[in-house]
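Both counts, for ligands and for their atoms, begin at 1 and track the order of listing. FYI, the numbering just counts along the sequence from 1.
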Amino acid sequence: MTGERAPAGANAEWLARSRTAVFHPCTQMKVHETLPIVPIARGEGAWLVDFEGRRYLDAVSSWWVNLFGHANPRINAAIADQLATLEHVMLAGFTHRPVVELSERLAALAPPGLGHAFYGSDGASATEIALKMSFHAWANRGRPQKRAFVSVAGGYHGETLGALAVTDVPLFRRTYEPLLMRHATVPSPDARRARDGATPREAAEDAARALEAHLAAHHATTAALIVEPLVQGASGMAMHDPHYLVRARELCTRHGVHLIADEIMTGFGRTGTMFACEQAGIAPDFLLLSKGITGGYLPLACVLSTDEVYGSFYDDDVARGFLHSHSYTGSALACRAALAVLDIFEDDDVIAANRARAARFTARAAALAAHPKVRDFRQRGMIWAFEVDSPRPDFPRWCFAEALARGVLLRPIGRTVYFMPPFVTADEDWGLLVDATLGILDCA
Ligand SMILES: Cc1ncc(COP(=O)(O)O)c(C=O)c1O
(Lines give C-alpha, C1' and ligand atoms only; values in the text may rest on other atoms or scores of the structure.)
Protein backbone atom coordinates (compact mmCIF):
# COMPACT_ATOMS: atom_id res chain seq x y z
CA MET A 1 0.00 0.00 0.00
CA THR A 2 2.61 2.57 0.98
CA GLY A 3 5.57 0.93 -0.73
CA GLU A 4 8.59 1.66 1.37
CA ARG A 5 7.17 2.91 4.64
CA ALA A 6 8.52 6.20 5.90
CA PRO A 7 9.35 6.38 9.61
CA ALA A 8 6.17 6.57 11.69
CA GLY A 9 5.06 10.15 12.15
CA ALA A 10 6.71 11.46 9.00
CA ASN A 11 4.75 13.29 6.34
CA ALA A 12 4.99 10.57 3.69
CA GLU A 13 3.35 7.94 5.82
CA TRP A 14 0.34 10.08 6.72
CA LEU A 15 0.03 11.24 3.16
CA ALA A 16 -0.06 7.70 1.79
CA ARG A 17 -2.46 6.43 4.45
CA SER A 18 -4.75 9.39 3.91
CA ARG A 19 -4.83 8.85 0.14
CA THR A 20 -5.85 5.25 0.72
CA ALA A 21 -8.39 5.64 3.50
CA VAL A 22 -9.80 9.15 3.29
CA PHE A 23 -12.06 10.38 0.48
CA HIS A 24 -11.09 14.06 0.67
CA PRO A 25 -13.74 16.78 0.17
CA CYS A 26 -14.05 18.91 -2.95
CA THR A 27 -11.17 17.00 -4.51
CA GLN A 28 -10.45 14.97 -7.62
CA MET A 29 -8.46 12.34 -5.75
CA LYS A 30 -6.33 11.49 -8.81
CA VAL A 31 -4.77 14.96 -8.52
CA HIS A 32 -2.93 13.66 -5.49
CA GLU A 33 -0.88 11.29 -7.64
CA THR A 34 1.25 14.37 -8.31
CA LEU A 35 0.14 17.06 -5.88
CA PRO A 36 0.90 15.96 -2.33
CA ILE A 37 -1.70 16.21 0.42
CA VAL A 38 -0.29 18.26 3.29
CA PRO A 39 -0.30 16.27 6.54
CA ILE A 40 -0.72 18.62 9.48
CA ALA A 41 0.52 17.53 12.89
CA ARG A 42 -0.47 20.58 14.91
CA GLY A 43 -1.51 24.22 14.81
CA GLU A 44 -0.12 27.24 16.58
CA GLY A 45 -1.85 30.61 16.19
CA ALA A 46 -1.94 31.52 12.50
CA TRP A 47 0.45 28.68 11.65
CA LEU A 48 0.02 25.01 10.74
CA VAL A 49 2.92 22.62 11.26
CA ASP A 50 3.51 19.34 9.41
CA PHE A 51 4.97 16.11 10.78
CA GLU A 52 8.49 17.13 9.82
CA GLY A 53 8.27 20.54 11.46
CA ARG A 54 7.62 22.57 8.28
CA ARG A 55 5.38 25.57 8.99
CA TYR A 56 2.62 27.06 6.82
CA LEU A 57 0.90 30.37 7.42
CA ASP A 58 -2.84 29.66 7.27
CA ALA A 59 -3.77 32.59 5.03
CA VAL A 60 -7.23 31.15 4.31
CA SER A 61 -8.16 30.48 7.95
CA SER A 62 -8.72 26.78 7.17
CA TRP A 63 -11.65 27.29 4.79
CA TRP A 64 -12.65 30.59 6.41
CA VAL A 65 -13.47 29.21 9.83
CA ASN A 66 -10.56 30.20 12.05
CA LEU A 67 -10.69 33.55 13.83
CA PHE A 68 -8.36 33.50 16.81
CA GLY A 69 -5.72 31.04 15.75
CA HIS A 70 -5.17 27.31 16.06
CA ALA A 71 -4.93 25.86 19.56
CA ASN A 72 -6.14 29.10 21.12
CA PRO A 73 -5.65 28.74 24.90
CA ARG A 74 -8.89 30.57 25.81
CA ILE A 75 -11.11 28.49 23.52
CA ASN A 76 -9.25 25.33 24.55
CA ALA A 77 -9.89 26.07 28.23
CA ALA A 78 -13.62 26.72 27.67
CA ILE A 79 -14.04 23.46 25.75
CA ALA A 80 -12.07 21.49 28.34
CA ASP A 81 -14.26 22.89 31.10
CA GLN A 82 -17.42 22.05 29.15
CA LEU A 83 -16.09 18.57 28.42
CA ALA A 84 -15.89 17.86 32.12
CA THR A 85 -19.44 19.12 32.64
CA LEU A 86 -21.71 18.12 29.75
CA GLU A 87 -20.58 17.16 26.26
CA HIS A 88 -23.98 16.91 24.60
CA VAL A 89 -27.64 16.32 25.20
CA MET A 90 -30.39 16.15 22.59
CA LEU A 91 -32.02 19.53 22.13
CA ALA A 92 -35.55 18.25 21.47
CA GLY A 93 -37.24 18.40 24.84
CA PHE A 94 -33.99 19.31 26.65
CA THR A 95 -31.86 22.39 26.99
CA HIS A 96 -28.56 23.42 28.56
CA ARG A 97 -26.68 26.46 29.72
CA PRO A 98 -24.36 27.04 26.71
CA VAL A 99 -27.20 26.90 24.16
CA VAL A 100 -29.40 29.28 26.14
CA GLU A 101 -26.60 31.76 26.75
CA LEU A 102 -25.41 31.59 23.16
CA SER A 103 -28.93 32.15 21.79
CA GLU A 104 -29.41 35.18 24.03
CA ARG A 105 -26.05 36.67 23.14
CA LEU A 106 -26.42 36.11 19.38
CA ALA A 107 -29.87 37.74 19.42
CA ALA A 108 -28.41 40.74 21.26
CA LEU A 109 -25.52 41.09 18.78
CA ALA A 110 -27.45 40.48 15.56
CA PRO A 111 -29.47 43.13 13.72
CA PRO A 112 -32.73 43.82 15.60
CA GLY A 113 -35.68 41.45 15.61
CA LEU A 114 -33.84 38.14 15.22
CA GLY A 115 -34.65 36.59 18.57
CA HIS A 116 -35.14 32.89 17.77
CA ALA A 117 -32.10 30.66 17.32
CA PHE A 118 -32.40 27.32 15.53
CA TYR A 119 -29.24 25.20 15.37
CA GLY A 120 -27.60 22.94 12.80
CA SER A 121 -24.09 21.73 12.17
CA ASP A 122 -22.37 23.04 9.04
CA GLY A 123 -23.16 26.02 6.85
CA ALA A 124 -25.15 23.98 4.35
CA SER A 125 -27.44 22.77 7.12
CA ALA A 126 -28.19 26.41 7.99
CA THR A 127 -29.15 27.04 4.37
CA GLU A 128 -31.40 23.97 4.33
CA ILE A 129 -33.06 25.06 7.56
CA ALA A 130 -33.74 28.58 6.26
CA LEU A 131 -35.17 27.39 2.93
CA LYS A 132 -37.47 24.89 4.62
CA MET A 133 -38.44 27.31 7.37
CA SER A 134 -39.25 30.09 4.90
CA PHE A 135 -41.45 27.85 2.74
CA HIS A 136 -43.16 26.32 5.78
CA ALA A 137 -43.75 29.71 7.44
CA TRP A 138 -45.55 30.94 4.32
CA ALA A 139 -47.53 27.68 4.09
CA ASN A 140 -48.57 28.02 7.73
CA ARG A 141 -49.83 31.53 6.90
CA GLY A 142 -51.98 30.12 4.10
CA ARG A 143 -49.57 30.86 1.22
CA PRO A 144 -48.27 27.39 0.13
CA GLN A 145 -47.81 28.63 -3.42
CA LYS A 146 -44.81 30.65 -2.18
CA ARG A 147 -42.27 27.91 -2.77
CA ALA A 148 -39.70 29.38 -5.17
CA PHE A 149 -36.37 30.87 -4.16
CA VAL A 150 -34.30 33.51 -5.83
CA SER A 151 -30.55 33.81 -5.43
CA VAL A 152 -27.80 36.01 -6.76
CA ALA A 153 -25.58 35.07 -9.73
CA GLY A 154 -22.32 33.58 -8.48
CA GLY A 155 -23.84 32.92 -5.06
CA TYR A 156 -22.71 29.98 -2.91
CA HIS A 157 -24.74 28.50 -0.08
CA GLY A 158 -23.42 24.95 0.38
CA GLU A 159 -23.32 21.52 -1.21
CA THR A 160 -26.38 19.64 0.07
CA LEU A 161 -29.18 19.39 -2.49
CA GLY A 162 -31.30 22.30 -1.25
CA ALA A 163 -28.29 24.55 -0.73
CA LEU A 164 -26.81 23.54 -4.07
CA ALA A 165 -30.10 24.42 -5.78
CA VAL A 166 -29.64 28.06 -4.75
CA THR A 167 -25.89 28.00 -5.49
CA ASP A 168 -24.61 29.37 -8.78
CA VAL A 169 -21.15 27.86 -9.18
CA PRO A 170 -21.37 25.67 -12.31
CA LEU A 171 -18.45 23.39 -11.40
CA PHE A 172 -20.19 22.35 -8.20
CA ARG A 173 -23.76 22.10 -9.46
CA ARG A 174 -23.66 20.97 -13.10
CA THR A 175 -23.40 17.23 -12.40
CA TYR A 176 -26.27 17.29 -9.91
CA GLU A 177 -28.57 19.53 -11.96
CA PRO A 178 -31.18 16.78 -12.51
CA LEU A 179 -31.56 16.43 -8.73
CA LEU A 180 -31.98 20.11 -7.92
CA MET A 181 -35.20 22.03 -7.36
CA ARG A 182 -35.72 24.89 -9.77
CA HIS A 183 -34.96 28.39 -8.65
CA ALA A 184 -34.29 31.78 -10.22
CA THR A 185 -31.04 33.72 -10.37
CA VAL A 186 -30.80 37.51 -10.53
CA PRO A 187 -27.70 39.51 -11.57
CA SER A 188 -24.92 40.02 -9.06
CA PRO A 189 -24.12 43.49 -7.70
CA ASP A 190 -20.40 42.56 -8.01
CA ALA A 191 -18.61 45.92 -8.30
CA ARG A 192 -16.24 44.47 -10.93
CA ARG A 193 -19.18 43.99 -13.27
CA ALA A 194 -20.11 47.69 -13.22
CA ARG A 195 -20.93 49.25 -16.57
CA ASP A 196 -18.06 51.33 -18.00
CA GLY A 197 -17.32 54.15 -15.61
CA ALA A 198 -20.09 53.16 -13.20
CA THR A 199 -19.43 53.28 -9.46
CA PRO A 200 -19.90 50.27 -7.17
CA ARG A 201 -23.08 51.92 -5.92
CA GLU A 202 -24.39 52.22 -9.47
CA ALA A 203 -23.52 48.55 -10.08
CA ALA A 204 -25.53 47.74 -6.95
CA GLU A 205 -28.46 49.82 -8.16
CA ASP A 206 -28.40 48.11 -11.58
CA ALA A 207 -28.57 44.70 -9.89
CA ALA A 208 -31.31 45.94 -7.54
CA ARG A 209 -33.42 47.00 -10.54
CA ALA A 210 -33.13 43.49 -11.97
CA LEU A 211 -34.22 42.09 -8.60
CA GLU A 212 -37.11 44.57 -8.55
CA ALA A 213 -38.32 43.37 -11.96
CA HIS A 214 -38.04 39.74 -10.87
CA LEU A 215 -39.93 40.21 -7.63
CA ALA A 216 -42.62 42.36 -9.29
CA ALA A 217 -43.33 39.45 -11.66
CA HIS A 218 -42.87 36.49 -9.29
CA HIS A 219 -43.50 37.61 -5.70
CA ALA A 220 -46.71 35.59 -5.42
CA THR A 221 -44.77 32.34 -5.85
CA THR A 222 -41.48 33.39 -4.24
CA ALA A 223 -40.74 32.46 -0.64
CA ALA A 224 -37.34 34.10 -0.20
CA LEU A 225 -34.32 35.82 -1.65
CA ILE A 226 -31.00 34.40 -0.39
CA VAL A 227 -27.92 36.60 -0.54
CA GLU A 228 -24.34 36.68 0.75
CA PRO A 229 -24.06 40.20 2.18
CA LEU A 230 -21.14 42.34 0.90
CA VAL A 231 -18.85 39.50 -0.23
CA GLN A 232 -19.73 36.51 -2.42
CA GLY A 233 -16.97 34.20 -1.28
CA ALA A 234 -16.86 30.98 -3.26
CA SER A 235 -17.30 32.61 -6.64
CA GLY A 236 -14.12 34.61 -6.10
CA MET A 237 -14.53 37.14 -3.28
CA ALA A 238 -16.85 39.35 -5.35
CA MET A 239 -17.52 42.47 -3.30
CA HIS A 240 -20.48 44.82 -3.59
CA ASP A 241 -21.76 48.10 -2.25
CA PRO A 242 -24.05 47.94 0.83
CA HIS A 243 -26.65 49.83 -1.24
CA TYR A 244 -27.68 46.49 -2.77
CA LEU A 245 -28.66 45.16 0.64
CA VAL A 246 -30.64 48.29 1.45
CA ARG A 247 -32.58 47.88 -1.81
CA ALA A 248 -32.97 44.12 -1.39
CA ARG A 249 -34.48 44.66 2.08
CA GLU A 250 -36.85 47.32 0.76
CA LEU A 251 -37.92 45.16 -2.21
CA CYS A 252 -38.44 42.00 -0.13
CA THR A 253 -40.57 43.97 2.34
CA ARG A 254 -42.58 45.63 -0.44
CA HIS A 255 -43.26 42.31 -2.18
CA GLY A 256 -43.78 40.08 0.85
CA VAL A 257 -40.70 37.91 0.28
CA HIS A 258 -38.34 36.74 3.04
CA LEU A 259 -34.77 38.01 2.98
CA ILE A 260 -32.24 35.34 3.95
CA ALA A 261 -28.79 36.78 4.75
CA ASP A 262 -26.18 34.05 4.44
CA GLU A 263 -23.45 35.33 6.77
CA ILE A 264 -21.87 31.91 7.07
CA MET A 265 -18.61 33.36 5.75
CA THR A 266 -19.11 37.10 6.35
CA GLY A 267 -20.30 36.85 9.97
CA PHE A 268 -18.20 37.27 13.12
CA GLY A 269 -16.17 40.27 12.10
CA ARG A 270 -14.85 39.06 8.77
CA THR A 271 -16.07 42.09 6.78
CA GLY A 272 -15.14 44.69 9.42
CA THR A 273 -18.36 44.69 11.46
CA MET A 274 -19.73 41.85 13.56
CA PHE A 275 -22.21 41.09 10.78
CA ALA A 276 -22.03 42.41 7.22
CA CYS A 277 -25.71 43.46 7.27
CA GLU A 278 -24.79 46.16 9.80
CA GLN A 279 -22.94 48.09 7.08
CA ALA A 280 -26.22 48.46 5.22
CA GLY A 281 -28.23 49.09 8.39
CA ILE A 282 -30.66 46.29 7.54
CA ALA A 283 -32.13 43.31 9.36
CA PRO A 284 -32.95 40.18 7.34
CA ASP A 285 -35.78 37.75 8.15
CA PHE A 286 -33.23 34.95 8.53
CA LEU A 287 -29.58 35.29 9.48
CA LEU A 288 -27.40 32.25 8.73
CA LEU A 289 -24.29 31.75 10.83
CA SER A 290 -21.60 29.06 10.93
CA LYS A 291 -17.84 28.85 10.18
CA GLY A 292 -16.33 31.49 12.53
CA ILE A 293 -19.07 30.96 15.12
CA THR A 294 -16.85 28.50 17.03
CA GLY A 295 -13.59 30.15 15.99
CA GLY A 296 -12.93 27.21 13.67
CA TYR A 297 -13.14 24.59 16.42
CA LEU A 298 -16.34 22.60 16.12
CA PRO A 299 -19.16 22.28 13.60
CA LEU A 300 -22.07 24.53 14.52
CA ALA A 301 -24.60 26.54 12.56
CA CYS A 302 -27.33 28.86 13.71
CA VAL A 303 -30.36 30.29 11.92
CA LEU A 304 -31.75 33.36 13.62
CA SER A 305 -35.31 34.29 12.69
CA THR A 306 -37.96 36.87 13.52
CA ASP A 307 -41.01 36.78 15.81
CA GLU A 308 -43.15 36.76 12.65
CA VAL A 309 -41.51 33.58 11.34
CA TYR A 310 -41.41 31.91 14.77
CA GLY A 311 -45.04 32.83 15.42
CA SER A 312 -46.19 31.16 12.22
CA PHE A 313 -45.11 27.78 13.64
CA TYR A 314 -46.55 28.25 17.15
CA ASP A 315 -49.72 26.15 17.21
CA ASP A 316 -51.56 23.21 18.77
CA ASP A 317 -51.01 21.23 15.59
CA VAL A 318 -47.69 19.30 15.72
CA ALA A 319 -47.36 19.26 11.94
CA ARG A 320 -47.38 23.06 11.85
CA GLY A 321 -44.21 23.00 13.97
CA PHE A 322 -40.76 23.01 12.41
CA LEU A 323 -40.01 19.28 12.55
CA HIS A 324 -36.40 19.54 11.43
CA SER A 325 -33.47 18.21 13.45
CA HIS A 326 -29.91 16.98 13.39
CA SER A 327 -28.57 14.66 16.09
CA TYR A 328 -25.96 17.19 17.21
CA THR A 329 -28.30 20.20 17.08
CA GLY A 330 -27.01 22.74 19.60
CA SER A 331 -24.06 20.62 20.79
CA ALA A 332 -23.02 21.85 24.23
CA LEU A 333 -19.32 21.65 23.37
CA ALA A 334 -19.75 23.67 20.19
CA CYS A 335 -21.97 26.26 21.90
CA ARG A 336 -19.40 26.65 24.65
CA ALA A 337 -16.66 27.22 22.06
CA ALA A 338 -18.92 29.86 20.48
CA LEU A 339 -19.38 31.57 23.85
CA ALA A 340 -15.59 31.67 24.27
CA VAL A 341 -15.36 33.29 20.83
CA LEU A 342 -17.89 35.96 21.82
CA ASP A 343 -15.95 36.58 25.05
CA ILE A 344 -12.79 37.21 23.03
CA PHE A 345 -14.64 39.65 20.74
CA GLU A 346 -15.80 41.54 23.81
CA ASP A 347 -12.69 41.40 26.00
CA ASP A 348 -10.23 42.29 23.23
CA ASP A 349 -12.45 44.80 21.37
CA VAL A 350 -11.68 42.75 18.27
CA ILE A 351 -13.74 44.75 15.76
CA ALA A 352 -11.84 47.97 16.55
CA ALA A 353 -8.48 46.18 16.70
CA ASN A 354 -9.17 44.59 13.30
CA ARG A 355 -9.99 47.97 11.78
CA ALA A 356 -6.50 49.19 12.65
CA ARG A 357 -4.94 45.85 11.69
CA ALA A 358 -6.66 45.82 8.28
CA ALA A 359 -5.46 49.36 7.54
CA ARG A 360 -1.87 48.36 8.33
CA PHE A 361 -2.16 45.17 6.30
CA THR A 362 -3.59 47.02 3.28
CA ALA A 363 -0.76 49.56 3.41
CA ARG A 364 1.82 46.74 3.58
CA ALA A 365 0.18 45.13 0.51
CA ALA A 366 0.59 48.25 -1.66
CA ALA A 367 3.21 46.57 -3.87
CA LEU A 368 0.76 43.76 -4.59
CA ALA A 369 -2.04 46.17 -5.51
CA ALA A 370 0.35 47.93 -7.90
CA HIS A 371 1.82 44.76 -9.42
CA PRO A 372 1.43 44.67 -13.24
CA LYS A 373 -0.08 41.15 -13.13
CA VAL A 374 -2.71 42.14 -10.53
CA ARG A 375 -6.22 43.32 -11.40
CA ASP A 376 -9.09 44.50 -9.21
CA PHE A 377 -7.23 44.51 -5.92
CA ARG A 378 -9.97 44.84 -3.30
CA GLN A 379 -10.42 44.64 0.43
CA ARG A 380 -13.26 44.52 2.91
CA GLY A 381 -12.55 44.06 6.61
CA MET A 382 -10.20 41.11 6.97
CA ILE A 383 -10.57 39.90 3.35
CA TRP A 384 -8.23 40.85 0.50
CA ALA A 385 -8.58 39.59 -3.08
CA PHE A 386 -7.30 40.21 -6.59
CA GLU A 387 -7.17 38.58 -10.00
CA VAL A 388 -3.86 37.47 -11.48
CA ASP A 389 -3.05 37.82 -15.17
CA SER A 390 -1.18 34.61 -15.77
CA PRO A 391 -0.97 32.47 -18.91
CA ARG A 392 -0.65 29.31 -16.81
CA PRO A 393 -3.61 27.01 -17.53
CA ASP A 394 -3.14 25.30 -14.16
CA PHE A 395 -2.81 28.56 -12.24
CA PRO A 396 -4.77 27.62 -9.06
CA ARG A 397 -2.89 24.38 -8.48
CA TRP A 398 0.45 25.87 -9.45
CA CYS A 399 -0.08 28.85 -7.16
CA PHE A 400 -1.13 26.57 -4.27
CA ALA A 401 2.07 24.50 -4.66
CA GLU A 402 4.29 27.59 -5.03
CA ALA A 403 2.77 29.10 -1.92
CA LEU A 404 3.34 25.90 0.09
CA ALA A 405 6.97 25.86 -1.01
CA ARG A 406 7.21 29.38 0.44
CA GLY A 407 5.54 28.38 3.72
CA VAL A 408 2.16 29.89 2.97
CA LEU A 409 -1.27 28.28 2.59
CA LEU A 410 -3.14 29.92 -0.31
CA ARG A 411 -6.05 28.37 -2.18
CA PRO A 412 -6.86 30.49 -5.24
CA ILE A 413 -10.35 30.36 -6.73
CA GLY A 414 -9.65 30.25 -10.47
CA ARG A 415 -7.44 33.27 -11.07
CA THR A 416 -8.55 34.99 -7.89
CA VAL A 417 -5.99 34.98 -5.12
CA TYR A 418 -7.38 35.94 -1.74
CA PHE A 419 -6.14 36.37 1.80
CA MET A 420 -8.48 35.65 4.68
CA PRO A 421 -6.06 35.35 7.59
CA PRO A 422 -6.93 34.57 11.20
CA PHE A 423 -7.46 37.76 13.21
CA VAL A 424 -4.37 36.95 15.30
CA THR A 425 -2.00 37.16 12.31
CA ALA A 426 1.03 39.22 13.31
CA ASP A 427 2.22 42.13 11.18
CA GLU A 428 5.47 40.35 10.49
CA ASP A 429 3.63 37.23 9.30
CA TRP A 430 1.48 39.38 7.03
CA GLY A 431 4.71 40.82 5.63
CA LEU A 432 5.92 37.28 4.90
CA LEU A 433 2.65 36.53 3.13
CA VAL A 434 2.83 39.65 0.96
CA ASP A 435 6.47 39.01 0.05
CA ALA A 436 5.82 35.34 -0.72
CA THR A 437 2.91 36.33 -2.97
CA LEU A 438 5.03 38.92 -4.77
CA GLY A 439 7.59 36.18 -5.42
CA ILE A 440 4.87 33.92 -6.82
CA LEU A 441 3.50 36.70 -9.05
CA ASP A 442 6.93 37.30 -10.53
CA CYS A 443 6.91 33.78 -12.00
CA ALA A 444 3.14 33.46 -12.57
C1 LIG B 1 -21.61 31.88 2.11
C2 LIG B 1 -21.54 30.41 2.40
N3 LIG B 1 -22.67 29.73 2.65
C4 LIG B 1 -22.66 28.42 2.92
C5 LIG B 1 -21.49 27.71 2.96
C6 LIG B 1 -21.50 26.25 3.26
O7 LIG B 1 -20.93 26.00 4.50
P8 LIG B 1 -20.39 24.53 4.87
O9 LIG B 1 -19.21 24.29 3.98
O10 LIG B 1 -20.02 24.62 6.30
O11 LIG B 1 -21.51 23.58 4.62
C12 LIG B 1 -20.28 28.37 2.70
C13 LIG B 1 -19.01 27.64 2.70
O14 LIG B 1 -18.00 28.07 2.18
C15 LIG B 1 -20.31 29.76 2.41
O16 LIG B 1 -19.19 30.45 2.16
Side-chain angles (χ1 to χ4, degrees), residues 24-27 58-67 118-134 149-169 171-173 176 180 183 185 188-190 224-240 244-245 248 259-271 275-277 284 286-304 324 326 328-329 331 334 337-338 341 380-383 385 411-414 416 418-420:
H24 287 264
C26 200
T27 299
D58 188 358
V60 298
S61 291
S62 287
W63 256 351
W64 320 346
V65 299
N66 195 289
L67 300 185
F118 194 98
Y119 290 90
S121 43
D122 296 279
S125 72
T127 305
E128 299 290 340
I129 288 162
L131 299 178
K132 284 177 69 179
M133 205 182 261
S134 170
F149 298 98
V150 55
S151 62
V152 177
Y156 181 87
H157 304 286
E159 300 292 342
T160 52
L161 291 177
L164 196 56
V166 292
T167 284
D168 182 38
V169 180
L171 179 63
F172 299 150
R173 66 172 280 147
Y176 307 100
L180 304 180
H183 87 294
T185 303
S188 169
D190 181 354
L225 164 71
I226 182 164
V227 62
E228 289 161 271
L230 298 187
V231 185
Q232 292 182 283
S235 60
M237 302 298 151
M239 301 186 183
H240 60 255
Y244 184 73
L245 302 172
L259 175 61
I260 302 173
D262 176 350
E263 295 229 24
I264 289 162
M265 184 276 278
T266 57
F268 299 97
R270 196 39 89 175
T271 67
F275 301 109
C277 284
F286 298 89
L287 183 67
L288 314 191
L289 305 172
S290 188
K291 290 198 184 270
I293 192 170
T294 62
Y297 267 69
L298 288 159
L300 182 71
C302 180
V303 176
L304 291 172
H324 180 105
H326 300 281
Y328 286 102
T329 294
S331 142
V341 163
R380 189 170 296 268
M382 289 292 286
I383 307 173
R411 218 167 176 271
I413 302 171
T416 305
Y418 69 90
F419 305 142
M420 209 191 274

Identity and distance of the protein heavy atom lying nearest [atom]:
atom                    : value
atom 16 (O) of ligand 1 : W64 CZ3, 3.4 Å
atom 11 (O) of ligand 1 : A124 N, 2.8 Å
atom 10 (O) of ligand 1 : G123 N, 2.8 Å
atom 15 (C) of ligand 1 : Y156 CD2, 3.7 Å

Check: [X]/[Y] side-chain N/O donor and acceptor closer than 3.5 Å:
X    : Y    : value
E228 : T266 : no
S62  : D58  : yes
H240 : D190 : no

Inset, instruction - Step through the shown structure and confirm whether more than 12 heavy atoms of other residues, nucleotides or ligands are within 6.0 Å of OH on Y418. - result: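 It does: Y418 OH has more than 12 such atoms within range.
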Inset, instruction - Would you tell me which option among V166, D262, T167 has the nearest heavy-atom contact to atom 3 (N) of ligand 1? - result: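 Closest candidate by heavy-atom distance is D262.
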Legend entry - Shortest reach to atom 4 (C) of ligand 1 by a heavy atom, considering only H157, E228, M265, K291: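 Considering heavy atoms of H157, E228, M265, K291, the nearest to atom 4 (C) of ligand 1 sits in H157.
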Inset, instruction - Answer yes or no: is there a donor N or O on one side and an acceptor on the other, between the side chain of E128 and the main chain of G120, under 3.5 Å? - result: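 No; judged by distance alone, with no hydrogens or angles, the pair does not exist.
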Legend entry - T127 side-chain N/O to A163 backbone N/O, donor-acceptor pair under 3.5 Å: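 Checked: no pair found.
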Legend entry - D122: numbered ligand 1 atoms lying under 4.0 Å from its heavy atoms: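 Ligand 1 atoms under the 4.0 Å threshold to D122: 10 (O), 11 (O).
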Inset, instruction - Provide the number and element of each atom of ligand 1 under 4.0 Å from a heavy atom of G158. - result: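 Selected atoms, number and element: 4 (C), 6 (C).
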